[in-house]
Amino acid sequence: MANERYNAPAREKHWQHVWEKGQIFRASEDETRPKCYVLEMFPYPSGRIHMGHVRNYAMGDVFARYKRTKGFNVLHPMGWDAFGMPAENAAMERKVHPGKWTNANIDTMRGQLKSIGLSLDWSREIATCSPDYYQHQQKLFLDLLAKGIAYRKSSKVNWDPVDHTVLANEQVIDGRGWRSGALVEQRELTQWFFKITDYADELLRGLETLTNWPDKVRLMQTNWIGRSEGMLIRWALDAKTAPNGHSELEVYTTRPDTLFGASFLAVAADHPLAKAAAGKNPELAAFCDECRRMGTSVADIEAAEKRGFDTGIRAAHPFDKDWQLPVYVANFILMDYGTGAIFGCPSGDQRDMDFARRYDLPVVPVILPPGEDAATFALQNKAYEDDGVMINSHFLNGKSTKDAFDDAAGRLEKQQLGAKPQGARKVNFRLRDWGISRQRYWGCPIPIVHCTDCGVVPVAERDLPIKLPDDATFDKPGNPLDRHPAWKHTACPKCAKPALRETDTMDTFVDSSWYFVRFTAPKSDSPVDKKAAQYWLPVDQYIGGVEHAILHLLYSRFFARALCDTGHLSFATNTREPFAALFTQGMVTHETYKSQDGYWLQPNEVKFEGEGANRHAVEAASGRPVTIGSIEKMSKSKKNLVDPDDIIAHYGADCARWFMLSDSPPERDVIWTEAGVAGAGRFIQRVWRITDDIAERFPGKPGARPADFGPEAMNIRKAAHRALDQVAKAIEALRFNVAVAHIHEFANVLQTGLSKDGEGLNWAAQEAAFLLVTMIGPMMPHLAEECWARLGYNTLLANEPWPAAEAVLLVDDQVTIAVQVNGKRRDELVISRSAGTGEVEAAALKLEPVIRALEGRPVKKVIVVPQRIVNVVG
RNA sequence: GCGGACGUGGUGGAACCGGUAGACACACAGGACUUAAAAUCCUGAGAGGGUAACCUCGUGAGGGUUCGAGUCCCUCCGUCCGCACCA
């Protein structure tokens, strides 16, 4: 056995088989042990596993395996986010059914995941495209509908007239559909929505409790929810100029303090007042049409000037009914924020300033910035949007911005217009309700029937699941469900007359909003097994990419609450947060290569020559020069992919895992390099050699501990226990690169120590091997099992506990402390850990380099930080 | 435009709560073993000066606080990310 190289690919298969046979990663509820739910974002079955998956799942696996060694009852499941557009595109392009394509991908990817050696409970595997899953989602939809959380409304959508489908905003590029290239139309469609806005405040407040989430994600969600405190203010319209039926205009503002700086009002092109006014004015109608056509693309908005059209309508200022302001239709007002109408204060808002300058409207400064003189203060074309002292504002003059806000708001609340107060405080959110209707086949059918007599009727629960028909056609664009000859024809659940099914399916984000709940009882007859969910939830550690910082993570937080409010779920914790801790890992990147004629080349098509600045590349086949491009996320289009299968077949899964975890902090991008992988492979062999060597020279497990250890043995023992302690801390904090460094450090000490001899070395070596193997276990589980067996243990390491580090070995009696003179390090001092301040000071002042550095100056002060540093000030 | 993060050797990165900057790894150089190579082992290395002991400089730039700053504060430069007419 000795001196043989460790054959990772062969042994890994063996250990995977052993684990699987023993079913050791199966989880079940157990009230006697603390639980730990470890989850990585489940993959979309796109075809093959890529390195990003390997990194994500390796991290989760280290954490899950570590927690298991610490005595936790660990749930670590895996499944498939299996509905989505790529399957339908594949169907269109390759004439293969989306289900068949998806299931084939799942089979491939399951096999790949298994080859990584993850400690997953595969008995809980779910696929969202299976009726076993989506029938429960349909039930949830019905309950949300009954509770008023799901509702139908008409709204504007991006409609692609060629593909006959709704497009998400991200799919509209320069006003054209991303696939068809057709000019996108704004269409009014009736769609299903979830009332996430009802939860805006709770979702916002909940973020404060998520202290184990990255600040970045919390901030992004905070901004996305976009809470603002302001007022609704109603303005009386001048009867002579206003259209019939319009006597007032309600605006939303966060700055009632700047009311005396107002110089105009503006409404969106779709505002009822604009429409009414346009009815009598063709020129205005044309302007409104123009406004509607804009705003589909980001570029348009950037380039767009502030433009408006004076409707001729006049409105009375709330604090001075003789002060008449013009009402414009303006292109920068959004109909779906606030009331779709504003008052413009040019001195206090840059957009209003731009608008005022263009249409020559008054600009009255109302806020004096700190440090400015009221007599000389003037604004050019730059508005002042911050706080200050009120000027030109009658009764508000001299007040602070905040006091002025309260004063103005208070007056407007008391003041009457008609029978109601003229103003009301109002909190507004940027967040909109979640539109979930998609005109697609490969999604969860919405369980609704449209009846000409009864209207919108929910499908009866006993009729669930509403399954997708297998025989849909994908040969032309549009929704295959809608044009299916039979599927949509059904009987009304209420009156039994012929009726039509809803042919829209749900946004795939709905599927992923509760899969982590389903994992807690994947075979349950009801959507959620309340008891199981209460035992396992919340997820203790969630790991995934930042790209889901907003949508998926916000939808899931909403869904958890919606499930509680429909009685499906209750949390044992006092918040309703589904993910107690979140970690967002970085991407896997690689250099890119381009041939002379501008084609991307795969890494294995390229040969390298030279080093450092002289490093260059040529095409392996032809020798023609290659341009080494930037380091980018691995992608098919740039051809800088490395296939995990190749790496695993050549180096083994442990090697890929170890490389991914080394060096780069997990939240940052990791650059995949051939040299780095080879280095990881060398370390694997080194661990094997050390273990093999110890097993050979000091066979057996550590027995009765010797009374004394020589310095060599002590050295090894200290390094071992320190590493054990540090690695544990690093893994708990998900700082895998630091854990790796500590293991390296220990391996170095151990290897050097083994070449020596001394009292107790035999025992220390046996202990060190035991600890080394234990601490690599979570990261390189196959190698660890192999070494474990080689050392003569006849258990599975995966079932072994994490040993406790011996506290006495973690601290030295002697400490080395740095000695500074005037803050500059001059020497170091080895002294007893318990040495008092005076003792340390005296010893430091005696040091030759200290005396030299003082150059005869008297010592003014000595600062002693125990066990750390001495600073002599002279 | 608004908001946020980051900037440390040739490279990836470490550095507890303000306390010896560069751990650990990659790459590199030299050496040992070998007929040779691979593999492995040993040694070296932030920059500059000095035979050496040692000295000076050094964490994007410039200021500041402190006995002491990679770490805290201010200004600037650069890179990356998020949002984008949200009233």
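Here the structure is a predicted model, which means the values were calculated and not measured. Residue numbering restarts at 1 for every chain, and letters A, B, ... go by the order of the sequence lines.
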(request) Remember a base hit wins even if backbone is also touched, and classify A/N737 as base, sugar-phosphate or nothing at under 4.0 Å, heavy atoms. (result) sugar-phosphate
(request) Would you confirm whether the ring centroid of A/F355 sits within less than 6.0 angstrom of the ring centroid of A/Y328? (result) yes
(message) What's the closest nucleotide to the side chain of A/H744 if the choices are B/G19, B/A25, B/G12?
(response) B/A25
(request) Write down the partner of B/C16 under the Watson-Crick or G-U wobble criteria, each distance required to be under 3.5 Å. (result) none
(request) Can you tell me the distance, in whole Å, between the CD1 atom of A/I225 and the P atom of B/G82? (result) 19 Å
(message) Among B/G3, B/A14, B/A27, which nucleotide has an atom closest to any side-chain atom of A/N223?
(response) B/G3
(message) Counting the atoms with a prime plus P, OP1 and OP2 as sugar-phosphate, which does A/V873 contact under 4.0 Å by heavy atoms, base, sugar-phosphate, or nothing?
(response) sugar-phosphate
(request) Look at all strands and tell whether A/T816 reaches a base, only sugar-phosphate, or nothing, counting heavy atoms closer than 4.0 Å. (result) base
(request) Could you let me know what B/C72 is paired to, Watson-Crick or G-U wobble, both distances under 3.5 Å, or none if it's on its own? (result) B/G64
(message) Mind checking if A/K824 touches a base, just sugar-phosphate, or nothing, with heavy atoms under 4.0 Å?
(response) sugar-phosphate
(message) Regarding B/C85, can its base be found pairing with the side chain of A/K306 as donor and acceptor, where the two atoms are less than 3.5 Å apart?
(response) yes
(message) Of the options B/C67, B/C83, B/A21, whose atoms approach the side-chain atoms of A/R430 most closely?
(response) B/C83
(request) Answer with base, sugar-phosphate or nothing: what part of the nucleic acid does A/P849 contact at a heavy-atom distance below 4.0 Å? (result) nothing
(message) Whether A/R826 contacts B/U56 is assessed here as follows: a side-chain N or O lying under 4.0 Å from the phosphate OP1 or OP2. Is that the case?
(response) yes
(message) Do the side chains of A/R358 and A/D354 get close enough for a salt bridge, i.e. N-O under 4.0 angstrom?
(response) no
(request) Start with the C-alpha gap between A/N737 and A/S664, add the side-chain angles, then the distance that decides, and say whether side chain to side chain contact (heavy atoms under 4.5 Å, CB included) holds. (result) CA-CA 6 Å; A/N737 57 323; A/S664 288; over 6 Å; no
(request) Identify whether the distance between the nearest side-chain nitrogen and carboxylate oxygen of A/K756 and A/E712 falls below 4.0 Å. (result) no
(message) Counting the atoms with a prime plus P, OP1 and OP2 as sugar-phosphate, which does A/N748 contact under 4.0 Å by heavy atoms, base, sugar-phosphate, or nothing?
(response) sugar-phosphate
(message) With a cut-off of less than 4.0 Å, is there a side-chain N or O of A/N822 near OP1 or OP2 of B/G68?
(response) no
(request) Using the closest heavy atom to pick a nucleotide of RNA chain B for each, name whichever of A/T752 or A/D349 lands nearer the 5' end. (result) A/T752
(request) Considering non-hydrogen atoms only, spot the tightest contact between A/D654 and A/M779 and give its length. (result) OD1-O, 4.4 Å
(request) Give the nucleotide from the list B/U20, B/G3, B/C41 with an atom nearest to the side chain of A/R689. (result) B/C41
(request) Would you indicate whether the side-chain heavy atoms of A/R227 and A/D201 approach each other to under 4.5 Å? (result) yes
(message) Within the 4.0 Å heavy-atom criterion, would you say A/S662 contacts the bases, only the backbone, or no part of the nucleic acid?
(response) nothing
(message) Less than 4.5 Å apart, side chain to side chain, heavy atoms only: is that true for A/V677 and A/W672?
(response) yes
(request) Any strand is fair game: report the nucleotide pairing with B/G44 by Watson-Crick or G-U wobble, both distances under 3.5 Å, or none. (result) B/C28
(request) Would you please confirm or rule out a distance under 4.0 Å between OP1 or OP2 of B/A87 and any side-chain N or O of A/R255? (result) no
(message) Distance check needed: B/C54 P versus A/E848 CD, whole Å only.
(response) 10 Å
(request) Over all heavy atoms of both residues, which pair between A/C345 and A/D352 is shortest? Give the atoms and the distance, please. (result) N-OD2, 3.0 Å
(message) Checking contacts here: which listed nucleotide (B/C24, B/U20, B/G12) is nearest the side-chain heavy atoms of A/D663?
(response) B/G12
(message) Looking at B/A15, I'd like to know if its phosphate oxygens (OP1 or OP2) sit under 4.0 Å from a side-chain N or O belonging to A/R735.
(response) yes
(message) Rounding to an integer number of Å, can you tell me how far A/L334 CG sits from B/A84 P?
(response) 11 Å
(request) Answer with base, sugar-phosphate or nothing: what part of the nucleic acid does A/I333 contact at a heavy-atom distance below 4.0 Å? (result) base
(request) Could you check which nucleotide pairs with B/U35 in any of the strands shown, counting Watson-Crick or G-U wobble with both distances under 3.5 Å? (result) none
(message) Suppose you measure atom C1' in B/U20 against the same atom in B/G70; what distance do you get, rounded to whole Å?
(response) 14 Å
(message) Suppose we define a pair by two distances each less than 3.5 Å, Watson-Crick or G-U wobble; what does B/G82 pair with here?
(response) B/C2
(message) Does B/C41 have OP1 or OP2 under 4.0 Å away from a side-chain N or O of A/R686?
(response) yes
(request) Indicate, with a heavy-atom threshold strictly under 4.0 Å, whether A/R852 touches base, sugar-phosphate, or nothing. (result) sugar-phosphate
(message) Under 4.0 Å, counting only non-hydrogen atoms across every strand here, what does A/Q751 touch: a base, just sugar-phosphate, or nothing?
(response) sugar-phosphate
(message) Is there a side-chain contact between A/Y252 and the phosphate of B/A87, meaning an N or O under 4.0 Å from OP1 or OP2?
(response) no
(message) Within the 4.0 Å heavy-atom criterion, would you say A/E745 contacts the bases, only the backbone, or no part of the nucleic acid?
(response) sugar-phosphate
(request) Could you let me know what B/A21 is paired to, Watson-Crick or G-U wobble, both distances under 3.5 Å, or none if it's on its own? (result) none
(request) Examine the base of B/C86 for any acceptor or donor lying under 3.5 Å from a partner atom in the side chain of A/R432, and report the outcome as yes or no. (result) yes
(message) If I take atom CZ in residue A/F659 and atom C1' in nucleotide B/G12, what distance separates them, rounded to the nearest angstrom?
(response) 9 Å
(request) Compare side-chain N and O positions of A/R682 against OP1 and OP2 of B/A27 and report whether any pair is under 4.0 Å apart. (result) yes
(message) Taking any heavy-atom pair under 4.0 Å as a contact, classify A/L219: base, sugar-phosphate, or nothing.
(response) sugar-phosphate
